[in-house]
Asker: 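Below is a structure I'd like to ask you about.
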Amino acid sequence: MHPLLIAALSIIFLSGVECAANSTKDRPKPKYTYEELWDLETGFWDAFLYPANKKQTEENQSTIFSSDVQGRVDITRTFDGDELNREYIFGLFADPDHVSLVGVPISYSITQFSANDNIAAATTVVTFNATTFGVLVPVTIDTWIEFDEHEKITQYDAVFRWFEYLLDFLVEGTATKINATSSDQAIAYISDTLAKTICNTHDQYCTGSNKQYADNSTCYDFLTKSIRFGKSYELGRNTLLCREVHEHMVQYRPDVHCSHIGPSGGGYCVDDMSYSQTVLQKYFNDSWIPFGYGEDQNVWLQS
Ligand SMILES: *[C@@H]1O[C@H](CO)[C@@H](O)[C@H](O)[C@H]1NC(C)=O
Ligand SMILES: *[C@@H]1O[C@H](CO)[C@@H](O)[C@H](O)[C@H]1NC(C)=O
Ligand SMILES: *[C@@H]1O[C@H](CO)[C@@H](O)[C@H](O)[C@H]1NC(C)=O
Ligand SMILES: *[C@@H]1O[C@H](CO)[C@@H](O)[C@H](O)[C@H]1NC(C)=O
Ligand SMILES: *[C@@H]1O[C@H](CO)[C@@H](O)[C@H](O)[C@H]1NC(C)=O
Ligand SMILES: CC(=O)N[C@H]1CO[C@H](CO)[C@@H](O)[C@@H]1O
């Protein structure tokens with residue numbers, strides 16, 4: 001057998017053993033009442049609102065996430081660990097003065113809620129103050145959340161409902177504002193604004209070994225000409241919209257996030273998964289089905 005193949009196989013084998021021993025599957029699963037799960041759910045959304053969300057980004061350890069939280073957002077991708085998730089879930093929506101797609105969350109309404117064991121499924125309509133676009137916009141987020149024995153989130157799965165409609169709404173609003181004659185013209189205007197913002201952030205924070213672009217015009221040309229603007233499901237692919245998402249995080253840890261706004265995409269803004277791979281990804285350690293039902297047929301579970 002080829003030595004590399006042996007090395008690869010032993011890594012897979014060893015990590016398999018290691019994972020089985022350390023997986024959350026082996027940890028005690030808490031049982032919460034419906035009321036407790038409701039309180040945990042509203043506790044999360046209270047922390048999500050601006051300006052409470054700023055506090056989560058400033059603290060050293062999360063009061064919301066477990067240290068090894070696993071999260072997935074359908075329009076972006078998967079995110080592991082407390083620090084990264086605090087930056088994405090809270091830091092992304094915490095600055096009303098910064099150019100962004102949806103701005104800051106200012107209120108919420110839970111419209112659907114079902115909960116069992118340590119798992120809660122909800123639909124939440126969050127009103128965002130989209131300061132860049134000058135509108136208040138309702139955004140519907142479907143979530144599944146699993147809580148650990150310390151009442152912290154250990155897994156979440158979030159879906160932005162009607163997100164394509166939301167993007168079109170923002171583009172149409174822009175078209176009206178700038179008297180554009182086509183949506184392409186409005187998208188070009190938004191691209192220009194986002195690219196300038198990302199390149200400014202790059203100039204300010206991505207210096208030395210974190211530098212991604214030779215200069216401002218290389219950056220601007222790459223973002224506006226070399227990559228796609230991005231469709232509604234492409235905020236974790238090789239697009240401008242993906243780099244706009246990651247631009248907000250650069251200030252927290254330039255060494256981690258600069259590559260995400262650079263040409264390589266740093267493993268986050270990359271076309272690494274096909275449609276089927278995305279839909280069939282075996283990502284979660286714990287089942288989303290309470291009471292241990294159906295684990296043997298669940299294609300999202302890591303084996
Ligand atoms: C999930 O499982 C993977 C591999 O099976 C392991 O590396 C990881 O530590 C586990 N994560 C949690 C939160 O248990
Ligand atoms: C966060 O905690 C770590 C480990 O305890 C420490 O090294 C670090 O300085 C702390 N950072 C802040 C901002 O408090
Ligand atoms: C939305 O943000 C703008 C700009 O920061 C602010 O003037 C306005 O009061 C905010 N609207 C609401 C409803 O919070
Ligand atoms: C759009 O058109 C209106 C009415 O013709 C005009 O008042 C406004 O200044 C125009 N806005 C821009 C950004 O060109
Ligand atoms: C960066 O380049 C773009 C496109 O040429 C330009 O519009 C923008 O003003 C430049 N920004 C800076 C800070 O030089
Ligand atoms: C990171 C971690 O928790 N590793 C542990 C995984 O499980 C083995 C065996 O139980 C421990 O030795 C590791 O410390």
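Start at 1 and go down the list; that is how both ligands and their atoms are numbered. Quantities reported herein were computed from a predicted structural model and do not represent experimental measurements.
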Asker: Any atoms of ligand 3 less than 4.0 Å from a non-hydrogen atom of I106? List them with their elements.
Answerer: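 Heavy-atom distances to I106 below 4.0 Å select 13 (C), 14 (O).
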Asker: Could you please spell out the steps behind the side-chain contact (heavy atoms from CB on, under 4.5 Å) verdict for T123 and T140?
Answerer: CA-CA 7 Å; T123 300; T140 306; 3.6 Å; yes
Asker: Would you please indicate if the ring centroids of Y88 and H248 are separated by under 6.0 Å?
Answerer: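 No, the ring of Y88 stays outside the 6.0 Å limit from the ring of H248, centre to centre.
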Asker: What do you reckon, is OH of Y165 surrounded by more than 12 foreign heavy atoms closer than 6.0 Å?
Answerer: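 No - once you tally the heavy atoms of other residues, nucleotides and ligands closer than 6.0 Å, there are 12 at most.
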Asker: Going by the order shown, which atoms of ligand 4 are within less than 4.0 Å of some heavy atom of K177?
Answerer: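 By the 4.0 Å cutoff, the relevant atoms are 13 (C).
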Asker: Under 4.0 Å from a heavy atom of N129: which atoms of ligand 3 are those, numbered in the order shown and with their elements?
Answerer: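 Numbered from 1, ligand 3 contributes 1 (C), 2 (O), 3 (C), 8 (C), 10 (C), 11 (N), 12 (C), 14 (O).
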Asker: When the ring centroid of Y233 is compared with that of F163, is the distance short of 6.0 Å?
Answerer: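 Here the rings of F163 and Y233 have centres that are no less than 6.0 Å from each other.
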Asker: Which of the atoms in ligand 4, numbered in the order shown and given with their element, are less than 4.0 Å from a heavy-atom of N179?
Answerer: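 Contacts of ligand 4 toward N179, numbered from 1: 1 (C), 2 (O), 3 (C), 8 (C), 10 (C), 11 (N), 12 (C), 14 (O).
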Asker: Please give the remaining members of the hydrophobic cluster of I106, linking ILVMFWY side chains under 4.5 Å, ordered by chain and number.
Answerer: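 Taking Ile, Leu, Val, Met, Phe, Trp and Tyr as members, I106 shares its hydrophobic cluster with Y50, V104, L136.
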Asker: Connecting only ILVMFWY residues whose side-chain heavy atoms lie within less than 4.5 Å of each other, what is the rest of I289's hydrophobic cluster?
Answerer: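 Once heavy-atom contacts under 4.5 Å are chained together, I289 belongs with F291, Y293.
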Asker: Report the part of D97 in contact with ligand 3, treating N, CA, C, O as backbone and CB onward as side chain, heavy atoms under 4.0 Å; options are side chain, backbone, both, neither.
Answerer: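 Contact part for D97 vs ligand 3: neither.
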Asker: So, applying side chain to side chain contact (heavy atoms under 4.5 Å, CB included) with V99, which one of I190, T132, T201 is it?
Answerer: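 Among I190, T132, T201, the one that satisfies the side chain to side chain contact (heavy atoms under 4.5 Å, CB included) with V99 is T132.
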Asker: Ring centres under 6.0 Å, that's the criterion: do F90 and F65 meet it?
Answerer: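 For F90 and F65, the ring centres are under 6.0 Å apart.
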Asker: Could you tell me which residues satisfy salt bridge (Lys or Arg N to Asp or Glu O under 4.0 Å) with D192, sequence neighbours excluded, listed by chain and number?
Answerer: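 Per chain and number, D192 pairs via salt bridge (Lys or Arg N to Asp or Glu O under 4.0 Å) with K196.
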Asker: For T131 and ligand 3, does the shortest N/O to N/O distance drop below 3.5 Å?
Answerer: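 Looking only at distances, the answer is no, because the N/O contact criterion of under 3.5 Å is not met.
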Asker: I'd like the contact residues of ligand 5, where contact means a heavy atom below 4.0 Å.
Answerer: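 Around ligand 5, where the cutoff is 4.0 Å for heavy atoms, the contacting residues are K196, N200, N216, Y220.
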